[in-house]
Number of protein chains: 2
Amino acid sequence: MDKQITAHDVARLAGVSQSTVSRVFTEGASVSDGSRKKVLKAAEELGYQPNEFARSLIMRKTRLIGLVMKNVDNPFYPAVLKKFTATLRSMGYGVLLIDTAEDELCPRDIEQLIAYKVAGVVIMDATASFGTAEALKKNGIPAVLFNRVVEETALLSVSCDNRSASREIALHLIEDGCESFVYIAGKRGTSTNLEREQSFTETLQAEGYRSDFTVGGYTYDGGFKAVKNLPSENMPDAIFAANDIMAMGALDALKEMRLQKPVRLIGFDDIPMASWPGYALSTYKQPVDRMIEKTLGLLLGEGEERGTPAGPVYLEGELIIRET
Amino acid sequence: MDKQITAHDVARLAGVSQSTVSRVFTEGASVSDGSRKKVLKAAEELGYQPNEFARSLIMRKTRLIGLVMKNVDNPFYPAVLKKFTATLRSMGYGVLLIDTAEDELCPRDIEQLIAYKVAGVVIMDATASFGTAEALKKNGIPAVLFNRVVEETALLSVSCDNRSASREIALHLIEDGCESFVYIAGKRGTSTNLEREQSFTETLQAEGYRSDFTVGGYTYDGGFKAVKNLPSENMPDAIFAANDIMAMGALDALKEMRLQKPVRLIGFDDIPMASWPGYALSTYKQPVDRMIEKTLGLLLGEGEERGTPAGPVYLEGELIIRET
DNA sequence: TTGAAAGCGATACCAT
DNA sequence: ATGGTATCGCTTTCAA
């Protein structure tokens with residue numbers, strides 16, 4: 001940045017004032033065609049681009065959105081990340097990527113977000129403590145949780161409707177003739193797991209069935225081991241895994257066990273691999289596009305869309321039945 | 001950002017000058033213990049964090065690195081992205097994420113990188129045209145290609161040693177008794193594919209064998225179809241797929257075909273899924289950690305490490321033989 | 001050690 | 001339509 005090209009340089013080369021250069025790069029400012037051409041030519045030649053730091057400073061407003069993500073291991077998120085980035089770009093925003101190691105944003109994350117005065121924060125697959133939410137609020141930075149609900153912080157949040165999804169899954173399985181069930185839990189304490197678990201179990205109970213329970217921690221290995229630990233002489237009719245990669249682990253374990261009785265298996269997310277012929281996994285497809293749209297609407301939208309809805313936003317997805 | 005908390009606010013609350021506040025947040029500036037305490041307390045209370053935009057502006061140097069990525073579909077990259085982000089963070093840099101749709105950086109990407117005056121750019125899995133490279137150079141922004149080599153632009157680049165890797169794979173297969181081979185190509189025109197293809201084919205020829213050839217485009221479907229299109233009465237002894245997800249597609253196709261003769265299959269990358277029991281894919285593990293380290297060294301390192309090496313940097317990985 | 005003041009590169013208001 | 005100038009929040013001399 002020592003070799004900075006500034007509006008002054010362009011002005012000098014174009015033979016106009018620095019103000020005029022600025023106007024050429026400002027939407028809806030009045031500049032004569034002649035000046036504009038000269039400036040554009042000079043800018044092109046020098047490779048000039050207005051300094052966003054100076055611009056944001058004087059405008060008292062940045063065009064940066066903080067994207068906080070945790071779980072790169074989960075193939076669900078890359079596509080989400082891409083979609084967020086692409087959409088934000090088309091809205092004129094840049095993306096400050098923050099990778100948080102823990103389930104909860106750490107102080108360094110917050111400091112960076114505040115230092116960059118981001119116009120908003122999307123927190124994917126992680127949560128924020130009360131203190132964190134406060135720090136952001138103090139600095140007037142809005143934040144939305146993506147795929148997480150945290151009651152205490154009153155942070156905005158957008159998720160898939162895990163409850164209705166899990167109910168649908170339970171009912172589908174029952175209708176299919178299943179009578180014994182196992183739920184492979186994700187990470188305990190996450191809202192996604194809690195909602196899926198509760199709703200699945202309650203629906204089953206309401207219909208007169210019960211579900212066994214095991215933990216998979218949202219990982220492939222977890223799903224694999226969860227099934228391996230099931231008593232092979234007494235396998236359930238159906239398994240609901242709280243996400244797709246656990247379901248894949250479960251499926252691979254099932255295949256290895258070569259059971260005589262088929263076991264129905266349903267995952268959650270609809271990651272790209274779920275449709276691979278090798279798996280052909282039945283799953284619940286999260287309404288990713290609408291979730292992202294809604295998230296950005298809450299964060300940056302105009303008027304009523306923006307701001308505080310009564311509570312967490314839940315969007316319905318779609319049950320996709322494949323071969324499992 | 002309208003509700004900005006500035007060093008002035010902190011100064012007022014702490015009863016010192018704004019300069020002193022700045023000093024407290026500047027490494028190695030001289031402030032009395034008393035002042036420091038007062039300032040820190042006030043800052044804490046207000047939730048103050050120095051404005052990075054103002055800071056970068058006056059310092060004439062940003063702490064932002066542009067990370068350009070394309071292929072979110074390839075499970076190889078999420079982990080790379082995470083590692084880059086984490087490492088950069090520990091070096092004090094923030095990450096400006098740019099998602100480029102095309103194989104080659106588009107003007108908008110460059111404009112954003114220049115506008116944010118990034119301290120450097122890492123281009124993952126994509127290339128830059130001559131014009132692009134020039135625009136960056138004009139603005140004094142260093143860039144490194146990760147996993148791509150582009151001869152004409154003389155851009156720095158760090159890759160896996162695709163040639164030696166492919167040779168090793170070919171020799172291993174021959175040693176294993178294979179006599180007929182198929183290479184499933186990635187995307188034509190990419191340096192990774194070219195290097196793998198040439199080296200594999202040449203090694204085979206040198207040993208007196210030849211290889212058939214088909215294109216998979218670096219996608220699961222591509223790999224799947226590539227195998228399905230092979231004549232089932234005349235399958236090769238071994239297949240080398242230019243990346244793991246193609247290999248997985250190939251493997252699933254192979255499984256569906258239920259051949260009597262086993263076919264050896266080797267992928268490339270060693271993505272997490274390759275080790276899943278359902279695949280147990282043999283593959284060539286890219287030396288990701290060292291590649292990232294080298295990339296950042298070239299971009300931001302001290303002294304000799306930084307800057308222009310004679311040519312592209314190639315790092316050796318490791319052949320991992322699993323069940324395929 | 002501390003405060004006052006200059007200046008980073010841009011925008012926008014004010015004259016002209 | 002154009003140029004001059006104040007200003008954004010910060011770092012960094014320069015005096016005190």
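Throughout, protein chains are lettered first and strands after them, A, B, ... in sequence-line order, and every chain is numbered starting at 1.
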Quiz prompt | Length of the line joining B/Leu57:CG and C/dT11:C1', which is rounded to integer Å | solution = 13 Å
Self-check item: A/Asn74 side-chain N/O to A/Phe76 backbone N/O, donor-acceptor pair under 3.5 Å
Solution: yes
Self-check item: Rounded interatomic separation in angstrom, taking NE2 from A/His8 and P from C/dG7
Solution: 13 Å
Practice problem: Report the residues that fulfil salt bridge (Lys or Arg N to Asp or Glu O under 4.0 Å) with A/Arg108, sequence neighbours left out, ordered by chain and then residue number. | Solution: none
Self-check item: side chain to side chain contact (heavy atoms under 4.5 Å, CB included) involving A/Pro272 - partner list, sequence neighbours excluded
Solution: none
Exercise. Compare all side-chain heavy atoms of B/Ile98 with those of B/Leu105 and state whether any distance is below 4.5 angstrom.
Key: no
Quiz prompt | Residues which pass side chain to side chain contact (heavy atoms under 4.5 Å, CB included) with A/Ser191, listed by chain and number, not counting sequence neighbours | solution = A/Arg148, A/Val149, A/Glu195
Practice problem: Tell me, please, which residues at least two apart from B/Arg290 pass side-chain hydrogen bond (donor to acceptor under 3.5 Å, both in side chains). | Solution: none
Quiz item: Could you write nucleotides 11-16 of chain D as a row of B, S and -, 5' to 3', where a protein heavy atom under 4.0 Å of any base atom gives B, of only sugar-phosphate atoms gives S, and otherwise -?
Solution: BBB---
Quiz item: Which pairs with one or both residues in residues 33-50 of chain B pass side-chain hydrogen bond (donor to acceptor under 3.5 Å, both in side chains), sequence neighbours excluded?
Solution: B/Ser32-B/Ser35
Quiz item: Among residues 29-38 of chain A, which residues get a heavy atom nearer than 4.0 Å to DNA chain C?
Solution: none
Self-check item: Residues forming a salt bridge (Lys or Arg N to Asp or Glu O under 4.0 Å) with A/Asp9, sequence neighbours excluded
Solution: A/Arg12
Exercise. Kindly write out the residues that satisfy salt bridge (Lys or Arg N to Asp or Glu O under 4.0 Å) with B/Lys82, not counting sequence neighbours, or none if the list is empty.
Key: A/Asp99
Exercise. Quickly work out the B/Phe53 CZ to C/dA10 P distance and round it to whole Å.
Key: 14 Å
Self-check item: A/Thr6: side-chain hydrogen bond (donor to acceptor under 3.5 Å, both in side chains) partners, not counting sequence neighbours
Solution: none
Self-check item: Axial bend angle, the helix from C/dT1-D/dA16 to C/dT16-D/dA1: five-pair end segments, nearest 10°
Solution: 40°
Quiz item: Could you state the CD-C1' distance from A/Glu52 to D/dG9, rounded to the nearest angstrom?
Solution: 16 Å
Practice problem: Would you please name every residue forming a side chain to side chain contact (heavy atoms under 4.5 Å, CB included) with B/Lys83, sequence neighbours left out? | Solution: B/Thr87, B/Asp289, B/Ile292
Quiz item: How long is the line joining CG of A/Asn139 and C1' of D/dG9, in whole Å?
Solution: 14 Å
Exercise. Starting at atom CG of B/Asn51, determine the distance to atom P of D/dT7, rounded to an integer number of angstrom.
Key: 18 Å
Quiz item: Do any side-chain nitrogens or oxygens of B/Thr20 fall under 4.0 Å of OP1 or OP2 in C/dG3?
Solution: yes
